[in-house]
Amino acid sequence: MIDLDLLRDDPDRVRASMEAKRIGDPSAVDAALDADRRRREAVTELDGLRQRQGELGRQIGPLMKAGQRDEAAPLLKESNAVKAQVKELEDAVRDLDAALRDAMLAIPNPIHASVPVGGEDANRVEMEWGDTPTFDFEPLPHWELAERHGLVDFERGAKVTGAGFPFYVGKGARLQRALVTLFLDLATEAGYTEVQAPILVNEDSGIGTGQLPDKEGQMYHVTGDDLYLVPTAEVPLTNYLRDEILAPDALPIKLTGYTPCFRREAGSYGKDVRGLNRLHQFDKVELVRFCPAEESYDHLEELLADAERAVQALGLPYRRLTLASGDLGVTQAKTYDLEVWSAGQGRWLEVSSVSNFEAYQARRANVRYRPAEGEKPQFVHTLNGSGLALPRIVAALLENGQQADGSVVLPDRLAAVAGFDRIG
RNA sequence: GGAGAGGUGGCAGAGUGGUCGAAUGCGCCGGUCUUGAAAACCGGAGUGCCCUCACGGGUACCGUGGGUUCGAAUCCCACCCUCUCCGCCA
């Protein structure tokens, strides 16, 4: 949710940002402004009527008690008339509230000034880290390595559930477990509090972080109980503090959590679907921060460094991108992506997305803090980033670590957690 | 899943139709007193929305949403959650 004051004061900026993001219909701005104006008129009138209603009630009370029905009669008549008007206006305000809310939810978060404007080709590569491996043989893609070593069973996953729900087997499974442990340990070292979160969330939580209503089709919906499988731990971790007012000394709050993530990936069939590149269920460790508004861009850089440290711990070559406006989602003001080099596929794979949502999610989820004792509550800023998403990390580990004999050598830091240093 | 009890301000806990945003206690903030502190005493203190340049005023909120009534924390309906017992179960 954007700031209603911003919308009132500078609707052009909001429209320009929508165009830069290439999201939504700019007419939502006018719809919101119109609903806002009409709502305020209606509320002002409604409050006046309620005031009159209260006055009448206070006069009628004593009269009724004293049995002076005749004295009360004209007052009762007026009160009944006011009552009808109040009812009418309440309905009107309710409709206008809903209209305003719908329009506001359809307006994306304005981009930060440092975000390059443009489409995907305007994404800015900020840096590359590590050396991409060279081979004196033809490196294999990870799905061939995984099959050779029996690490991932896609066919049985498809049988038991469907495409995109693989089994990890033997060292494949142990590798998953080791990566989760390693990433959580790194986050703990960086000062995050580990949280084990529910992986089913309700509708309010989906709205709070911005998946709902506009990405409804991307989430698995358990209709029997009207709950949603989380597409990322961001949803439960950020909603952890929903509808709360935090004490002055509570911020910053840093949470980390591992969850499986479920994504329907509707509309992306046939794109990047080989192997582990794109799955309906995958594992991810998420990093989430809550902080005061004026600190959030410092926290964004810190969070970015936290995510990069995880990639570096695995020794995987990667690059960092600042996403251009057209590649940003509804909720982000600024996002960095981290992409690891995938030697067997000869391409970069996104393994982390690190974003500042400013107050956009906080407004939707109503997460506030009191800057100082006695001061008015303010919305926090929320940030999050993958730290990291597993499948593509596994792909890169297999592809970059492969040897001429088909075996795979694991980086030391991971081997220490996994309990084995090579596969095959 | 069945039966019962209950959801009130930071916490505890009154309030079962009228002037109740809500007693009281604890906690919290400010003050008086004190060399300082404690105790005692005095005062203050929720959130949203609307009007106002502001001072300030209005209004809503007692789990959530409806309803009855001139008037609802209080009565009615639905839902959610918590607790106790039974059943089931990792």
Side-chain angles (χ1 to χ4, degrees), chain A residues 1-9 32-105 196-208 212 222-228 236 239-251 260 359 361-380:
Chain A
M1 194 98 65
I2 64 163
D3 186 354
L4 189 53
D5 287 332
L6 172 67
L7 184 79
R8 289 168 182 164
D9 297 344
L33 284 170
D34 183 57
D36 175 47
R37 185 179 48 73
R38 286 166 44 198
R39 190 192 80 91
R40 281 196 278 180
E41 287 170 7
V43 165
T44 302
E45 191 181 348
L46 176 60
D47 281 355
L49 287 169
R50 280 174 166 159
Q51 186 176 5
R52 181 60 187 152
Q53 206 175 21
E55 287 166 6
L56 290 167
R58 278 187 288 278
Q59 289 170 28
I60 292 168
L63 291 174
M64 297 296 274
K65 259 188 177 165
Q68 297 174 287
R69 273 206 150 267
D70 293 348
E71 310 282 328
L75 298 173
L76 286 173
K77 192 180 171 202
E78 182 183 352
S79 188
N80 271 320
V82 173
K83 183 186 177 181
Q85 285 178 278
V86 164
K87 173 88 176 134
E88 203 172 301
L89 268 168
E90 277 177 346
D91 290 344
V93 167
R94 193 172 312 153
D95 290 347
L96 289 166
D97 271 336
L100 177 60
R101 178 184 150 86
D102 289 350
M104 288 293 280
L105 286 177
Q196 197 167 88
I199 59 176
L200 282 169
V201 295
N202 57 30
E203 184 186 17
D204 284 344
S205 294
I207 290 171
L212 297 175
V222 181
T223 54
D225 294 282
D226 200 17
L227 296 171
Y228 296 84
N239 280 282
Y240 184 63
L241 298 177
R242 175 149 52 83
D243 294 323
E244 295 194 26
I245 298 173
L246 306 167
D249 57 353
L251 297 178
Q361 289 183 325
R363 271 188 215 96
R364 293 171 79 120
N366 193 27
V367 183
R368 292 172 293 171
Y369 75 106
R370 210 178 290 284
E373 199 69 47
E375 285 188 31
K376 265 182 68 97
Q378 307 281 321
F379 288 110
V380 301

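This one's a predicted model, so the numbers in the text were calculated from it and none came from an experiment. We name chains A, B, ... by the order of the sequence lines, and we start the count at 1 in each one.
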>> Taking pairing as Watson-Crick or G-U wobble with both contacts under 3.5 Å, can you name the mate of B:G48, or confirm there isn't one?
In response: B:U59
> With nearest nucleotides of RNA chain B determined for A:R52 and A:E45 from heavy-atom distances, which residue corresponds to the more 5′ nucleotide?
Replying inline: A:E45
> For B:A78, which nucleotide is its Watson-Crick or G-U wobble mate, given both distances must be under 3.5 Å?
Replying inline: B:U64
>> Please report the distance separating the C1' of B:C55 from the corresponding atom of B:G63, rounded so that it comes out in whole Å.
In response: 37 Å
>> Taking the P atom in each of B:G7 and B:A73, what is the distance between them to the nearest angstrom?
In response: 16 Å
> For atom C1', what is the distance between B:G46 and B:G21, given to the nearest Å?
Replying inline: 9 Å
> For A:R50 and B:G57, what is the distance between atoms CZ and C1' respectively, to the nearest whole Å?
Replying inline: 17 Å
> Atom CG of A:D249 to atom P of B:C29: distance rounded to whole Å?
Replying inline: 13 Å
> Looking only at atom P, what distance separates B:U24 and B:A45, rounded to whole Å?
Replying inline: 14 Å
> Over how many whole Å does the gap from A:L89 atom CG to B:U59 atom P extend?
Replying inline: 15 Å
>> If I pick the P atom on B:G56 and the same atom on B:C75, what distance separates them, to the nearest angstrom?
In response: 38 Å
>> Tell me every residue that passes salt bridge (Lys or Arg N to Asp or Glu O under 4.0 Å) with A:D225, counting only those two or more places apart in sequence or in another chain.
In response: none
> How close or far is atom P of B:C50 from atom CG of A:L100, stated in whole angstroms?
Replying inline: 10 Å
> Taking a pair as Watson-Crick or G-U wobble with both distances under 3.5 Å, which nucleotide is matched to B:A38?
Replying inline: none
>> Partner lookup for B:G4, please. Criteria are Watson-Crick or G-U wobble with both distances under 3.5 angstrom; report none if nothing qualifies.
In response: B:C83
>> Run the salt bridge (Lys or Arg N to Asp or Glu O under 4.0 Å) test against A:E41 and tell me which residues pass, sequence neighbours left out.
In response: A:R37
>> With nearest nucleotide decided by heavy atoms, which residue, A:L46 or A:D36, maps closer to the 5′ end of RNA chain B?
In response: A:D36
Output one line per pair: protein atom, nucleotide atom from nucleotides 46-49 of chain B, and distance, for all N/O pairs under 3.5 Å.
{"from": "B:U47", "atom 1": "OP1", "to": "A:R370", "atom 2": "NH1", "distance (Å)": "2.8"}
{"from": "B:U47", "atom 1": "OP1", "to": "A:R370", "atom 2": "NH2", "distance (Å)": "3.3"}
{"from": "B:U47", "atom 1": "O3'", "to": "A:R368", "atom 2": "NH1", "distance (Å)": "2.9"}
{"from": "B:G48", "atom 1": "OP1", "to": "A:R368", "atom 2": "NH1", "distance (Å)": "2.8"}
{"from": "B:C49", "atom 1": "O3'", "to": "A:R39", "atom 2": "NH2", "distance (Å)": "2.8"}
{"from": "B:C49", "atom 1": "O2'", "to": "A:R39", "atom 2": "NH2", "distance (Å)": "3.4"}

>> Under a 3.5 Å distance rule, please check whether A:R364 uses its side chain to pair with a backbone N or O of A:I207 as donor and acceptor.
In response: yes
> Is there any side-chain hydrogen bond (donor to acceptor under 3.5 Å, both in side chains) pair reaching into residues 49-63 of chain A, and which pairs are they, with sequence neighbours excluded?
Replying inline: A:R50-A:E90, A:R52-A:E55, A:R52-A:E78
> Mind checking what makes salt bridge (Lys or Arg N to Asp or Glu O under 4.0 Å) contact with A:D91, not counting sequence neighbours?
Replying inline: A:R94
> Which base, if any, makes a Watson-Crick or G-U wobble pair with B:C33, both distances under 3.5 Å?
Replying inline: none
> Mind checking the C1' distance from B:C20 to B:A5? Whole angstroms is fine.
Replying inline: 26 Å
>> Holding to side chain to side chain donor-acceptor pair (under 3.5 Å), I want the full list of residues that pass it with A:Y228, two or more places apart in sequence or in another chain.
In response: A:E216
> With sequence neighbours left out, what residues match A:A92 under side-chain contact (heavy atoms from CB on, under 4.5 Å)?
Replying inline: none
> Rounded to whole angstroms, how far apart are CG on A:L96 and P on B:C50?
Replying inline: 13 Å
> Say you pick atom C1' in B:G2 and the same atom in B:G9; how far apart are they, in whole Å?
Replying inline: 36 Å
>> Could you identify the nucleotide paired to B:A90, looking across every strand shown and requiring Watson-Crick or G-U wobble geometry with both distances under 3.5 Å?
In response: none
> If every non-hydrogen atom of A:S205 is compared with every non-hydrogen atom of A:N239, which pair is closest and at what distance?
Replying inline: O-ND2, 2.8 Å
> Considering Watson-Crick and G-U wobble pairs with both distances under 3.5 Å, what does B:C26 pair with?
Replying inline: B:G10
>> Suppose you measure atom C1' in B:C26 against the same atom in B:U19; what distance do you get, rounded to whole Å?
In response: 29 Å
> How far does NZ of A:K376 sit from CD1 of A:I245, to the nearest 0.5 angstrom?
Replying inline: 10.0 Å
>> For B:A54, give the paired nucleotide (Watson-Crick: N1-N3 plus N6-O4 or O6-N4; G-U: N1-O2 and O6-N3; both under 3.5 Å), or none.
In response: none
> Is it true that a side-chain atom of A:R370 and a backbone atom of A:P248 form a donor plus acceptor pair closer than 3.5 Å?
Replying inline: no
> Residues two or more places apart in sequence or in another chain: which of them pass salt bridge (Lys or Arg N to Asp or Glu O under 4.0 Å) with A:D3?
Replying inline: none
Would you list the protein and nucleotides 62-72 of chain B atom pairs, both N or O, that sit under 3.5 Å from each other?
{"from": "B:G67", "atom 1": "OP1", "to": "A:K87", "atom 2": "NZ", "distance (Å)": "2.8"}
{"from": "B:C70", "atom 1": "O2'", "to": "A:S79", "atom 2": "OG", "distance (Å)": "2.2"}
{"from": "B:G71", "atom 1": "OP2", "to": "A:K83", "atom 2": "NZ", "distance (Å)": "3.4"}

